[in-house]
Amino acid sequence: MIVRSFKDIEGTDRHVKAKSGTWESKRIVLAKERVGFSLHETILYAGTETSMWYANHIEAVVCTQGEAELTDRETGETYIITPGTMYLLNGHERHTLRVKEDFHCICVFNPPVTGREDHDENGVYPLLTEPEEV
């Protein structure tokens, strides 16, 4: 059994801040736990825009605080995401979040991330893995 809090991981290598300066993420469950998913608390900052494409992952996101406009760049559809709203990127959709007020969310990734990922020039997380235990 693992018990940890987001407060426990503040300032550690599990507390990742994007090079772009548009978000930070506390990654409470990672690939090294070997449970088949990773779990994060992410904050995207008000007034920012982040374009993403999880070509290698499926992501589910639940908004817990704030507001953002989500655009599916595949279809052009736009959604307003507010607390209690979930979106699932089950088709590896290219998408953009335009953050109206600090957007707090809980995210689940499959396959799990290692904690070292950041978006590349296409908005993609590379598919990193943990070494096999011997």
Side-chain angles (χ1 to χ4, degrees):
M1 179 185 301
I2 298 170
V3 177
R4 69 174 61 100
S5 72
F6 290 117
K7 185 89 174 139
D8 293 340
I9 62 176
E10 284 181 13
T12 71
D13 62 347
R14 288 174 177 261
H15 189 177
V16 177
K17 297 184 181 184
K19 292 179 212 131
S20 66
T22 62
W23 58 265
E24 66 180 86
S25 181
K26 296 175 188 165
R27 295 161 176 194
I28 199 160
V29 176
L30 290 171
K32 64 179 146 190
E33 274 82 54
R34 302 198 185 282
V35 294
F37 64 90
S38 57
L39 178 67
H40 320 169
E41 176 190 52
T42 300
I43 302 169
L44 294 101
Y45 306 125
T48 64
E49 181 176 306
T50 304
S51 292
M52 297 165 270
W53 174 34
Y54 295 117
N56 302 308
H57 299 84
I58 300 296
E59 182 192 29
V61 178
V62 176
C63 174
T64 59
Q65 181 181 329
E67 182 177 329
E69 178 185 272
L70 171 68
T71 300
D72 179 339
R73 295 195 331 259
E74 308 289 330
T75 66
E77 291 181 85
T78 299
Y79 308 88
I80 299 300
I81 308 298
T82 56
T85 305
M86 182 279 307
Y87 63 91
L88 176 64
L89 301 163
N90 58 324
H92 305 282
E93 296 85 356
R94 296 171 196 255
H95 61 288
T96 299
L97 271 179
R98 289 174 193 84
V99 183
K100 298 176 184 293
E101 60 182 67
D102 281 359
F103 185 80
H104 297 244
C105 55
I106 302 296
C107 310
V108 176
F109 279 85
N110 183 12
V113 303
T114 65
R116 301 183 306 272
E117 294 83 357
D118 198 346
H119 298 111
D120 69 14
E121 65 280 357
N122 296 308
V124 175
Y125 275 174
L127 185 58
L128 303 177
T129 58
E130 291 293 334
E132 290 298 319
E133 293 181 359
V134 204

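Keep in mind that this is a model prediction, so the values were computed, not measured.
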Q: Return yes if some donor-acceptor pair links the side-chain N/O of S25 with the main-chain N/O of R27 below 3.5 Å, else return no.
A: no

**Q.** Inter-residue atom distance L89.CG - F109.CZ, 0.5 Å rounding
**A.** 8.0 Å

Q | CE-NE2 distance between M52 and H57, expressed to the nearest 0.5 angstrom | A | 14.0 Å

(Q) I'd like to know if L30 and V35 are part of one continuous hydrophobic network [Ile/Leu/Val/Met/Phe/Trp/Tyr, side-chain heavy atoms within less than 4.5 Å]. (A) no

Q | Sub-4.5 Å side-chain heavy-atom contact between Y45 and D102 | A | yes

Q: Write down the atom of A68, the atom of L97, and the distance for their closest heavy-atom approach.
A: CB-CD2, 3.7 Å

Q) Is it the case that one hydrophobic cluster holds both Y54 and Y79, taking links as side-chain heavy atoms less than 4.5 Å apart, direct or via other members? A) yes

Q.
A side-chain contact here means heavy atoms from C-beta on lying under 4.5 Å apart; do E67 and I80 qualify?
A. yes

Q. Can E41 and H104 be counted as having a side-chain donor-acceptor contact under 3.5 angstrom?
A. no

Q: To the nearest 0.5 angstrom, please state how far the CD1 atom of I43 sits from the OG1 atom of T48.
A: 11.5 Å

Q: Return the minimal non-hydrogen interatomic distance between I81 and C63, and the atom names on each side.
A: CG2-CB, 3.8 Å

Q: Compare every heavy atom of S51 with every heavy atom of R73, then report the nearest pair and how far apart it is.
A: NH1-CB, 3.3 Å

Q. Any side-chain heavy-atom pair from V108 and V62 closer than 4.5 angstrom?
A. no

Q) Side chains of V61 and I106: closer than 4.5 Å at any heavy-atom pair? A) no

Q) Are any of the side-chain heavy atoms of V16 and W23 separated by less than 4.5 Å? A) yes

Q | Between CG on residue L88 and CD on residue E59, distance to nearest 0.5 Å | A | 9.0 Å

(Q) Quick check: closest heavy atoms across C107 and T42, and the distance to 0.1 Å? (A) SG-OG1, 3.8 Å

Name every donor-acceptor pair, under 3.5 Å, that has one atom in a side chain of residues 2-10 and the other anywhere in the protein, sequence neighbours excluded.
| from | atom 1 | to | atom 2 | distance (Å) |
| --- | --- | --- | --- | --- |
| R4 | NH1 | I28 | O | 2.6 |
| S5 | OG | K7 | N | 3.3 |
| S5 | OG | D8 | N | 3.0 |
| S5 | OG | D8 | OD1 | 3.2 |
| S5 | OG | D8 | OD2 | 3.3 |
| D8 | OD2 | S5 | N | 2.9 |
| E10 | OE2 | K26 | NZ | 3.1 |

Q) Which residue pairs pass the salt bridge (Lys or Arg N to Asp or Glu O under 4.0 Å) test with at least one member in residues 81-93, sequence neighbours excluded? A) none

Q: Please round to the nearest 0.5 Å and tell me the distance separating atom OG1 of T78 and atom CG of L70.
A: 8.0 Å

Q: Find out whether V113 and H40 are in side-chain contact, i.e. whether some heavy atom of one side chain is under 4.5 Å from a heavy atom of the other.
A: yes

